[in-house]
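Here's the structure we're looking at; comments come further down.
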Amino acid sequence: MVLRVGVIGGGQLARMMIPAAVNLGIELRVLAENAGDSAALAATTIGDYRDREDVLRFAEGVDVVTFDHEHVPTEILRELVERGVRVHPSPDALVYAQDKLLMRERLSELGVPVPEWARIETAEQLDLFLEANGGRAVVKTARGGYDGKGVRVVSSSADIADWLAVGDPLLAEELVDFRRELAQLVARRPSGEIVNWPVVESIQRDGVCAEVIAPAPRSAGKLADVACEIATTVAEELGVTGVLAVELFETMDERLLVNELAMRPHNTGHWSIDGSTTSQFEQHLRAVLDLPLGATGTRDLWSVMVNILGGPAEGSLADRYPAALADQPTVKVHNYGKEPRPGRKVGHVTAGGDDLDEVAYQARAAAAYFQDDNLG
């Protein structure tokens with residue numbers, strides 16, 4: 001029997017599921033928007049994830065539907081479920097990754113630690129929130145934002161006058177005084193088994209993840225236990241299936257607060273391809289098929305993943321291989337098959353070893369060969 005997994009979305013996350021699917025003998029089918037998308041190697045259908053008929057046709061003949069992104073309309077996913085298609089994560093869980101207001105409301109009900117927040121529909125409501133929270137706040141669009149998009153730091157309702165004019169509710173949050181950003185990844189299968197990877201540190205630049213250190217330095221003990229407990233609670237209470245990434249703030253007063261949720265493989269888990277016994281991509285496939293989950297131990301004392309942002313100003317990433325691979329022969333390079341563009345994630349590199357400073361140097365040195373300043 002051949003297991004068939006349908007992935008909606010043709011980006012780099014679907015692309016990185018391909019090697020794991022090949023190893024397990026899984027037939028991976030991808031609904032891509034364009035023939036040249038990152039996951040073109042496995043794209044079996046070109047269509048629009050927002051189009052009901054495209055999605056319904058794509059789901060025919062697969063054992064389970066999962067996702068490269070969280071943007072598929074909920075009503076389409078619910079119709080799939082009504083037709084007997086297995087969808088993981090389910091639309092009832094995925095909605096909390098799609099809508100930040102719903103996520104904040106539900107996590108607050110569960111007692112999961114989150115920043116102070118408020119639903120904003122008028123300028124007056126935001127001004128009151130600002131007054132109660134030190135005069136500055138973060139405002140986010142409830143849907144659609146990622147990698148710093150749909151997020152503004154504001155000190156007045158005038159700073160989001162254009163968003164307020166649209167009329168959609170917004171999320172206002174306290175401007176958290178945090179020491180660093182962390183991420184806890186877990187995987188859960190429909191029958192309930194849960195495993196977790198080590199908590200990692202995520203280093204952001206201009207709202208985009210630039211580097212990940214696994215495990216997060218100074219995280220052994222209570223911090224790791226609390227991060228795992230938070231992510232496990234979220235996964236169980238929301239009924240998440242597949243990989244779940246819980247992005248966290250470690251505050252200056254040593255609390256952990258949930259920032260964002262992603263119900264799919266996540267940038268902060270890319271290190272696991274080379275640095276863990278089971279990569280997040282293999283684990284996601286196992287989980288959505290309700291197969292026993294793999295071990296999540298680390299292969300090295302430290303792993304450092306550095307994103308290649310922008311890429312070379314001229315030519316392709318492959319043009320830089322001779323110099324990069326010769327200079328850093330132990331570093332693993334992952335090319336997403338994307339055209340270089342300012343700020344775009346076009347690949348990543350991962351290094352591993354026993355000395356964190358040396359591992360970080362190797363990963364950064366390798367990444368530097370592939371990105372030019374005007375595109376980084």
Side-chain angles (χ1 to χ4, degrees), residues 3 5 7 13-26 28 63-64 66 88-89 182-202 212-236 238-248 261-305 330-332 334 348-356 359 363:
L3 297 171
V5 175
V7 183
L13 301 182
R15 181 188 182 94
M16 285 184 275
M17 290 183 205
I18 297 171
V22 169
N23 289 343
L24 290 170
I26 293 169
L28 199 71
D63 295 295
V64 62
T66 190
H88 292 303
L182 305 172
Q184 177 66 62
L185 268 67
V186 300
R188 178 177 179 271
R189 55 191 282 216
S191 56
E193 181 189 6
I194 291 182
V195 297
N196 65 280
W197 287 270
V199 64
V200 303
E201 181 173 349
S202 171
V212 172
I213 303 171
R218 306 176 305 282
S219 63
K222 183 180 178 181
L223 189 150
D225 292 343
V226 172
C228 184
E229 180 183 358
I230 289 171
T232 299
T233 297
V234 172
E236 291 180 335
L238 300 188
V240 179
T241 46
V243 168
L244 166 71
V246 180
E247 297 181 68
L248 300 157
L261 302 179
M263 297 182 190
R264 49 170 171 75
H266 189 255
N267 199 174
T268 56
H270 290 353
W271 69 273
S272 66
I273 301 172
D274 304 301
S276 177
T277 305
T278 309
S279 79
Q280 64 167 342
F281 298 99
E282 177 184 341
Q283 200 81 284
H284 188 72
L285 293 174
R286 289 191 187 202
V288 301
L289 287 165
D290 206 13
L291 297 172
L293 302 180
T296 53
T298 58
R299 292 175 175 165
D300 294 294
L301 191 60
W302 298 103
S303 292
V304 174
M305 186 281 298
T330 64
V331 171
K332 299 299 183 183
H334 297 263
H348 75 266
V349 302
T350 307
D354 294 337
D355 184 286
L356 178 55
V359 170

Once you round to the nearest 0.5 Å, how far does [atom1] of [X] lie from [atom2] of [Y]?
{"X": "Leu285", "Y": "Leu28", "atom1": "CG", "atom2": "CG", "answer": "6.5 Å"}
{"X": "Ser303", "Y": "Lys332", "atom1": "OG", "atom2": "NZ", "answer": "12.0 Å"}
{"X": "Leu238", "Y": "Met263", "atom1": "CG", "atom2": "CE", "answer": "5.0 Å"}
{"X": "Ser279", "Y": "Arg286", "atom1": "OG", "atom2": "CZ", "answer": "9.0 Å"}
{"X": "Asp290", "Y": "Asp63", "atom1": "CG", "atom2": "CG", "answer": "12.5 Å"}

Minimum heavy-atom separation for [X] and [Y], please, with both atom names.
{"X": "Leu244", "Y": "Val234", "value": "CD2-CG1, 3.9 Å"}
{"X": "Val199", "Y": "Ala227", "value": "CG2-CB, 4.0 Å"}
{"X": "Val359", "Y": "Gly352", "value": "CG2-C, 3.6 Å"}
{"X": "Pro215", "Y": "Pro198", "value": "CB-CB, 3.8 Å"}
{"X": "Ala235", "Y": "Val186", "value": "CB-CG2, 4.1 Å"}
{"X": "Pro217", "Y": "Glu201", "value": "CD-OE1, 3.4 Å"}

Give a yes or no answer on whether the side chain of [X] reaches the backbone of [Y] with a donor-acceptor pair at less than 3.5 Å.
{"X": "Thr278", "Y": "Ala295", "result": "yes"}
{"X": "Thr277", "Y": "Gly297", "result": "yes"}
{"X": "His88", "Y": "Thr241", "result": "no"}
{"X": "Gln184", "Y": "Trp197", "result": "yes"}
{"X": "Arg188", "Y": "Ile194", "result": "no"}
{"X": "Thr296", "Y": "Asn196", "result": "yes"}

Over 12 non-hydrogen atoms of neighbours within 6.0 angstrom of CD in Glu193: yes
When you compare the side chain of [Y] with that of [X], does any pair of heavy atoms fall below 4.5 Å?
{"X": "Ser272", "Y": "Phe281", "result": "no"}
{"X": "Ile26", "Y": "Met17", "result": "no"}
{"X": "Thr350", "Y": "Val212", "result": "no"}
{"X": "Leu293", "Y": "Gln283", "result": "yes"}
{"X": "His348", "Y": "Met16", "result": "yes"}

From Val200, Leu248, Thr268, residue fulfilling side-chain contact (heavy atoms from CB on, under 4.5 Å) relative to Leu182: Leu248
Single hit among Ile213, Thr298, Asp300 for side-chain contact (heavy atoms from CB on, under 4.5 Å) with Trp271: Thr298
Reference residue Gln280; test side-chain hydrogen bond (donor to acceptor under 3.5 Å, both in side chains); the match among His270, His266, Arg264: His270
Candidate pair Asp274 and His334, rule side chain to side chain donor-acceptor pair (under 3.5 Å), full reasoning: CA-CA 10 Å; Asp274 304 301; His334 297 263; 2.8 Å; yes
